[in-house]
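By convention here, the first residue in the shown sequence is residue 1.
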Amino acid sequence: MHITTLRAQQTVHFYASKGSRLHLSTGQVTVSESRDLERLRFDVALPLQDGGIYTVPRSGWLLLTACRSSELLYEAPPAEQGALIRLGAAWLSRLRMQWRMLSRKILSS
């Protein structure tokens, strides 16, 4: 999960995976999705009010525009969260191994 605070009229452009959720705790934002349909490109703008939740229907780029100061929470889809947890565990395991090797070098010196 990631929390973002936006000032009035501030915009954020980011890539979101299908199934991600945006939870707007305070404020008001407009969520714009870019869609391509038979070589025609158009944007769909959806307003999101206090306490609103938006679930990303398909992976792609989103543009968030704050109509007033807002705070929102980005929640990755469960599959993506699992991948991040596995990546973190692998990184931690590698770090421990390097620490053990370094400790042995220091102790043997």
Inset, instruction - Using the side chain to side chain contact (heavy atoms under 4.5 Å, CB included) rule, pick out the option among P47, S70, C67 that qualifies with V29. - result: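 Exactly one candidate clears the test, S70.
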Side-chain heavy atoms under 4.5 angstrom apart, residues restricted to Ile, Leu, Val, Met, Phe, Trp, Tyr: same cluster for [X] and [Y]?
| X | Y | answer |
| --- | --- | --- |
| L24 | V12 | yes |
| V31 | F14 | yes |
| L63 | L48 | no |

With rounding to the nearest 0.5 Å, note down the distance linking [atom1] in [X] to [atom2] in [Y].
| X | Y | atom1 | atom2 | value |
| --- | --- | --- | --- | --- |
| Q9 | S69 | CD | OG | 10.0 Å |
| S25 | L72 | OG | CG | 7.5 Å |
| Y54 | H23 | OH | NE2 | 13.5 Å |

For [X] against [Y], the heavy-atom pair lying closest together:
| X | Y | answer |
| --- | --- | --- |
| S20 | P77 | OG-CD, 3.1 Å |
| D50 | T26 | OD1-C, 3.2 Å |
| T4 | L6 | CG2-CD2, 3.9 Å |
| P57 | K18 | O-CG, 3.4 Å |
| A16 | V56 | CB-CG2, 4.0 Å |
| I3 | E71 | CG2-CG, 3.8 Å |

Inset, instruction - Compare all side-chain heavy atoms of L64 with those of L22 and state whether any distance is below 4.5 angstrom. - result: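 A side-chain contact under 4.5 Å exists here.
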Inset, instruction - Would you indicate whether the side-chain heavy atoms of I53 and E75 approach each other to under 4.5 Å? - result: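 Not touching, per the 4.5 Å side-chain cut-off.
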Inset, instruction - Tell me who clusters with M97, hydrophobic residues only, linked when side chains sit under 4.5 Å apart either directly or through other members. - result: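 M97 clusters with M101.
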Legend entry - Short side-chain to backbone donor-acceptor contact, S17 and S59, under 3.5 Å: no
Legend entry - H13: partners by side-chain hydrogen bond (donor to acceptor under 3.5 Å, both in side chains), with sequence neighbours left out: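 Once residues adjacent in sequence are excluded, H13 has no partner under the side-chain hydrogen bond (donor to acceptor under 3.5 Å, both in side chains) criterion.
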